[in-house]
Amino acid sequence: QVRLVESGGGLVQRGGSLRLSCAASGSILSIYPIHWYRQAPGKQRELVAIITSGGNTNYADSVKGRFTISRDNARNTVYLQMNSLKPEDTAVYYCKGVLTEWGQGTQVTVSS
């Protein structure tokens with residue numbers, strides 16, 4: 001079973017940028033589509049972005065124009081580039097593929 005490990009989170013000021021990585025223990029070709037989710041304190045987990053095997057992408061309205069999901073199949077890694085960050089983007093971010101388990105996530109904190 002492919003396992004995913006998220007990294008790249010941290011503390012950033014409003015308007016800043018971060019790039020999250022989702023590294024797979026095996027080939028990501030078998031686990032498409034791959035999603036990024038986030039969960040803020042006291043809130044339900046929400047879908048942020050998705051990428052398909054063909055490279056098609058889709059985003060939550062709240063992040064359109066600011067976040068970009070991409071992948072490097074050779075490195076078995078999916079990325080989430082986050083620009084123009086807002087305090088409301090503060091959450092734990094998770095990646096998820098087909099039949100993969102939830103990982104530990106990576107914390108993103110945006111200060112005002």
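Sorted by first and then second residue, the side chain to side chain donor-acceptor pair (under 3.5 Å) pairs involving residues 96-108 (not counting sequence neighbours) are Gln107-Thr109. Pairs engaging residues 20-32 under the salt bridge (Lys or Arg N to Asp or Glu O under 4.0 Å) rule: none recorded [sequence neighbours left out]. Pairs engaging residues 35-112 under the disulfide bond (SG atoms under 2.5 Å apart) rule: Cys22-Cys95 [sequence neighbours left out]. Counting only residues at least two apart or on different chains, the side chain to side chain donor-acceptor pair (under 3.5 Å) pairs with a member in residues 6-24 are Ser17-Asn83. The salt bridge (Lys or Arg N to Asp or Glu O under 4.0 Å) contacts involving residues 72-82 comprise Asp72-Arg75, where partners must be two or more places apart or lie in separate chains. Note on residues 40-82: no pairs pass disulfide bond (SG atoms under 2.5 Å apart), not counting sequence neighbours.
For Gln1, the CD atom is densely surrounded, since the number of other residues' heavy atoms within 6.0 Å is greater than 12.
Note on Val2: it clusters hydrophobically with Val78, by side-chain heavy-atom contacts below 4.5 Å among ILVMFWY residues. Cluster membership for Tyr79 and Tyr59, using ILVMFWY side-chain heavy atoms within less than 4.5 angstrom, is not shared. Linking Ile, Leu, Val, Met, Phe, Trp and Tyr whenever their side-chain heavy atoms come within less than 4.5 Å leaves Tyr94 and Val5 in two separate clusters.
Leu80 approaches Ala49 most closely through the heavy-atom pair CD1-CB, 4.2 Å. Nearest heavy-atom pair across Ala40 and Ala91 is N-CB, 3.8 Å.
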Could you list the donor-acceptor pairs under 3.5 angstrom formed by side chains in residues 60-69, with sequence neighbours left out?
from: Asp61; atom 1: OD1; to: Lys64; atom 2: NZ; distance (Å): 3.3
from: Ser62; atom 1: OG; to: Arg38; atom 2: NH2; distance (Å): 3.4
from: Arg66; atom 1: NH1; to: Ser84; atom 2: O; distance (Å): 3.0
from: Arg66; atom 1: NH1; to: Asp89; atom 2: OD2; distance (Å): 2.7
from: Arg66; atom 1: NH2; to: Ser62; atom 2: O; distance (Å): 2.9
from: Arg66; atom 1: NH2; to: Asp89; atom 2: OD1; distance (Å): 3.0
from: Arg66; atom 1: NH2; to: Asp89; atom 2: OD2; distance (Å): 3.4

With a cut-off of 3.5 Å and sequence neighbours excluded, list every side-chain donor-acceptor pair involving residues 28-35.
from: Ser30; atom 1: OG; to: Ser27; atom 2: O; distance (Å): 3.2
from: Tyr32; atom 1: OH; to: Arg71; atom 2: NH1; distance (Å): 3.0
from: Tyr32; atom 1: OH; to: Asn73; atom 2: OD1; distance (Å): 2.5

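For Arg45, the side-chain hydrogen bond (donor to acceptor under 3.5 Å, both in side chains) test picks out Gln39, with sequence neighbours left out. Contacts of Val108 classified as side-chain contact (heavy atoms from CB on, under 4.5 Å), with partners at least two apart in sequence or in another chain: Leu18, Leu20, Met82, Tyr93, Val110.
Under a 4.5 Å side-chain heavy-atom criterion applied to ILVMFWY residues, the cluster that includes Val98 comprises Leu99 as well. Side-chain contacts under 4.5 Å among hydrophobic residues (ILVMFWY), followed directly or transitively, place Leu11 with no other residue at all.
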